[in-house]
Amino acid sequence: MLQYGEEILADKNDDNNITGIIHLIKESSTLDFSDYKKNTIIRRTKRRASSHNFITLATYLDFLKSNPIEVEALIKEFLISVTSFFRDKEPFEFIKKNIIPEILQKLKPGQEIKMWIAGCATGEEVYSLAILLAEQLAGNFENTAVKIFATDIDKIALGIASKGIYTKDVVKSVSPERLEKYFTIEGDMYKINQVIRKMIIFAHHDLLKNPPYCNMHFISCRNLLIYMTPILQEKIFNMFLFGLKKDGYLFLGSSENPMPIIKNLEVVSKKYKIYKNLESKRTISFDAFSLPELLDVKRQPTSFSHKVIAKNFHPALLEIIQTSLAQELGYLAICIDEDMNVIQSYGDTKYLIQKHFTINLPELLPKPLAIAFNTLRSSVLKNKKKETVKGIKIVDGDNKLNVCLTIMPLILKREKQIFLLVTFVDHKLTGKDQVSDKVFDEKTYQNMYITNLEEELKELKEKLNTAYEQLSSSNENVQSFNEELLSANEEMQSTNEEMQSVNEELHTINSEYQVKNKELLEINDDLNNYFRSNINGQLFIDKDLKLMKFSPGAVKQINLLETDIGRPISNITTNIKFETIAEDIKKVLSDGSVITKEIETNDGKWYQIMTMPYVRQANHLNNGAIITFNDITELKNTQQELNKSNRMLGMATSSAGMGT
């Protein structure tokens, strides 16, 4: 049997199997590990597979396809949640002494501190930074608002982080002073107090798909990027750069290096991997994050075949080719969905407004481009045909551009949703273009846009009226349902009153039972006292001829122990010559008679043994027998002496008569 951690047999199709596993995870959870370092993914997959005694990745892949629970377990294996309070103390001391004071000094009146902790895991690092901040929010900064965004892809880890409750071992690196000030003890656990907890907002966030948090004074992402490929690292670094304010700080792990964007950063501490953002103007780059793929709109499970995946295919190759083409030909191509949200883009974003990061394309377009785009979009959606307009004049810094805008519908087979490909390219008008009706005229296109808006408004009004009618119908149903609920509530109220009455009766009965129970306890105590003080031996035998109870005096006549209770009376040895004890008990049980016998013991003593039934009042049946032993040895001896005297007297009398 394969032992845990034992090496799985190498196979030439391992790369294809790993790719299949990654696709399977993506289909079942939307998590995409395709750009994570393959060696890490292979190592962790093999370790998980070996724990189930699989010797090849192909058989493990087949197992995953039919076991969703194992897929979840493998995802947890990939999501490495390792963190601790004040992990690597030196960087935190540096941040406390150098970074936080500078951030506070540069705050404008009423401005809040904004931080983003990406990949927060179970929250220890987040709370560590919050504690550092809290320690310096004094004096002029006492009322400074703090907002720390703590994000992670692992929802289970986020659940632990949001509760803020940790074991003693987890908080062992926190000083006793901080434990006393910022934690409360709950049993064996330590809970973050509200002063720290209210600073933090925990949220589920995928760095590969979701937009960044913006205008941050400080971003921390430690030991997360080391698991990703260089291309993915560059995307995330660009996202962090976009999210930082000018003079904002980026805090990385000891093995991470922001080489792709280092020209925009000042090295604050090379040793502790702390950098400062130098750029105030941020350039929009949709490549900084990825949105859900087009096929995620209608996801269907698929089975993987080694033939489907090319042996030497690399996921980033297609993206590199498309990006290179866009740069070479000087165009910007953007794919959007029906809600005008960006799905993917290639090329220079100089045609867009460089403001807040958003994925809604119209919000990023200068006014002339926005008018032309909205007009053409309506036409393309209506006619399902490509539309182009030239001569759109916009300003890019000191440069004036003449832009050609093209919108093309993208219709995927088996998909109901329509996507649009929007391209922007520099284009100088020629004489032929001037006479074309496709040259942009702002007034004409604005009128067309207004007309389209009026048509859309009319459609919306019709839909609104339909919705109102449906709402009215639903309201009537709700009203009817509400009346039924009221009726049911009245019935429940009546039932509740009956239950209350029954409860009162039960309470009365319970009180009576308590009184009777007290009386029973007193009677039982009296019986026990009587039983202990009774010098005569007594045995209580049940109807099955088993010993139920015996008095202390019975030990003198019968060899009894507490362990004998429950044993048949016939199995207990005695020093009394009482061979008919079992038959006597049976007779007493059958006819209710009382049997009295005088029995001599082995040591010459005499006992009067009385066997009588005992009857419980509840059923009036013979439930067992009571055997009482009365010591009559002295009486028997006196009687024998008396008999002897009588015999002697009789003999004397007889002798006297004969003499006479």
* Asked: Who are the salt bridge (charged side-chain N to carboxylate O under 4.0 Å, His left out) partners of Lys273, not counting sequence neighbours?
  ->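 For Lys273, no residue satisfies salt bridge (charged side-chain N to carboxylate O under 4.0 Å, His left out) once neighbours in sequence are set aside.
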* To do: State which residues pass salt bridge (charged side-chain N to carboxylate O under 4.0 Å, His left out) with Lys96; sequence neighbours excluded, sorted by chain then number.
  => Glu135
* All side chain to side chain contact (heavy atoms under 4.5 Å, CB included) counterparts of Ser162, not counting sequence neighbours -> Arg197, Phe202
Taking the six-membered ring for Trp, is the centroid-to-centroid distance between [X] and [Y] below 6.0 Å?
X      : Y      : result
Tyr213 : His205 : yes
Phe424 : Tyr331 : no
Phe85  : Tyr166 : yes

* **Flag for Thr151-Trp116: side-chain donor and acceptor within less than 3.5 Å** => yes
* **Carboxylate-amine/guanidinium proximity below 4.0 Å for Lys271 and Glu90** =>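 Judged by the 4.0 Å cut-off on N to carboxylate O distance, Lys271 and Glu90 do not form a salt bridge.
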Check whether any side-chain N or O of [X] sits under 3.5 Å from a backbone N or O of [Y] as a donor-acceptor pair, and report yes or no.
X      : Y      : value
Asp339 : Asn341 : no
Asp337 : Met340 : yes
His217 : Gly248 : no

* Asked: Can you name the nearest heavy-atom pair linking Gly243 to Ile219, along with the distance?
  ->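 Here Gly243 and Ile219 meet closest at C-CD1, 4.1 Å.
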* Do the numbers put Arg178 on top of the ring of Phe86, so that NZ or CZ is under 6.0 Å from the six-membered ring centre and no more than 45° off the axis? -> yes
